[in-house]
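We count ligands from 1, going down the list as the structure has it; atoms in each ligand are counted the same way.
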Amino acid sequence: MALLPILRYPDPRLKKVAAPVLKIDAGIRRLAADMAETMYEAPGIGLAATQVDVHKRLVVIDTSEDKSQLRVFINPVVERCAGSQLGEEGCLSVPGIYDKVERAERVTVRYLDLDGKEQVLEAEGLLAVCIQHEIDHLDGHVFVDHLSQLKQTRIRNKLAKQARVTA
Ligand code: GNR
Ligand code: NI
């Protein structure tokens with residue numbers, strides 16, 4: 001197992017569109033395990049492969065209180081959305097920034113598990129938010145893309161200032 005470095009916004013590699021996983025082999029299983037370790041260590045409730053500079057459609061999520069329900073989504077596709085919710089989001093690639101984003105309240109997602117078996121999951125609330133946030137990453141989007149241009153500019157300036165202080 002290994003901890004993987006997480007790309008920071010506005011790294012242009014966060015804009016890459018990830019390619020479907022064609023074969024679930026030892027490399028993919030290793031990647032999923034390393035991403036889970038990286039997510040738990042951060043700590044976060046989700047991580048997309050894009051964030052660790054691997055541009056494949058693979059996501060790990062665990063929204064449970066006790067970190068006991070790791071979910072691995074390969075080639076996830078939202079088949080159905082319903083309702084809407086406005087929730088505060090954060091992102092491991094945008095540290096220290098939190099803001100409200102409107103998302104669907106419920107989603108039906110189809111994906112492959114680590115055994116290559118097709119799964120369909122109906123999710124709501126925080127899990128539904130996280131699935132939408134992670135699939136956004138696979139499509140090259142971060143949550144700040146949903147905010148106003150003014151807020152995006154402020155966030156870039158704040159992160160650039162932070163980077164100067166920590167450098
Ligand atoms: O850890 C995370 N928390 C979170 C909180 C609200 C909405 C979305 C998230 S996902 C985030 C981890 C992350 O950056 N995943 O891409
Ligand atoms: Ni994120």
request  = Salt-bridge test for Asp53 and Arg13: reply yes if a basic N is under 4.0 Å from a carboxylate O, no otherwise.
outcome  = yes

Atom 3 (N) of ligand 1: the protein heavy-atom neighbour that sits closest, reported with distance to 0.1 Å = Ile45 CG1, 3.4 Å

key: ILVMFWY cluster, Ile74 and Val78 together (side-chain gap under 4.5 Å)   = no

message = Is it the case that the side chain of Gln85 and the backbone of Ala104 share a donor-acceptor pair, with hydrogens and angles ignored and the cut-off at 3.5 Å?
response = yes

message = Can you name the atoms of ligand 1, numbered from 1 with element, that are less than 4.0 Å from a heavy atom of Cys91?
response = 14 (O)

ask   = Given Cys130, Ala48, Gly90, which one has a non-hydrogen atom that is nearest to atom 9 (C) of ligand 1?
value = Gly90

message = Could you check whether His137 and His133 have their ring centres less than 6.0 Å apart?
response = yes

key: Protein residue, atom and distance nearest to atom 15 (N) of ligand 1, heavy-atom basis   = Glu134 OE2, 2.7 Å

task = Answer yes or no: is there a donor N or O on one side and an acceptor on the other, between the side chain of Asp25 and the main chain of Ile28, under 3.5 Å?
result = yes

ask   = For the side chain of Thr50 and the backbone of Leu14, is there at least one donor-acceptor N/O pair under 3.5 Å apart?
value = no

ask   = Looking only at atom types and distance, does a side-chain atom of Glu105 sit under 3.5 Å from a main-chain N or O of Glu124, one as donor and one as acceptor?
value = no

Sub-3.5 Å N/O-N/O distance, Ser93 and ligand 1 = no

query = Quick one: which ligand 1 atoms are inside 4.0 Å of a heavy atom on His137?
reply = 16 (O)

ask   = Leaving waters out, which protein N, O or S atoms fall under 2.8 Å from the Ni ion (ligand 2)?
value = Cys91 SG, His133 NE2, His137 NE2

Protein residue, atom and distance nearest to atom 7 (C) of ligand 1, heavy-atom basis = Glu89 CG, 3.5 Å

task = State the CD-CG distance between Gln51 and Leu138, to the nearest 0.5 angstrom.
result = 9.0 Å

ask   = If you measure from each non-hydrogen atom of His133 to ligand 1, which part falls under 4.0 Å: side chain, backbone, both or neither?
value = side chain

message = Before you tell me yes or no, could you show the steps for Lys100 and Glu88 under salt bridge (charged side-chain N to carboxylate O under 4.0 Å, His left out), namely the whole-Å CA-CA distance, both residues' side-chain angles and the distance that decides it to 0.1 Å?
response = CA-CA 4 Å; Lys100 288 193 168 154; Glu88 187 102 325; 5.3 Å; no

ask   = Any donor and acceptor pair, going by atom type alone, linking the side chain of Arg71 with main-chain N or O of Ile61 inside 3.5 Å?
value = no

ask   = Does Leu92, backbone or side chain, put an N or O under 3.5 Å from an N or O of ligand 1?
value = yes

inquiry  = Run Val109 and Val77 through side-chain contact (heavy atoms from CB on, under 4.5 Å) and show every step you take.
reply    = CA-CA 5 Å; Val109 60; Val77 176; 5.8 Å; no

Atom 12 (C) of ligand 1 [closest protein heavy-atom partner, distance rounded to 0.1 Å] = Gly46 O, 3.2 Å

Gln69 and Leu127: CA distance, side-chain angles, deciding distance, side-chain contact (heavy atoms from CB on, under 4.5 Å) verdict = CA-CA 11 Å; Gln69 283 179 55; Leu127 178 57; over 6 Å; no

ask   = Relative to the heavy atoms of Gly44, which atoms of ligand 1 are at a distance of less than 4.0 Å?
value = 1 (O)

message = Check contact between Glu88 and ligand 1, using heavy atoms of the residue and a distance below 4.0 angstrom.
response = yes

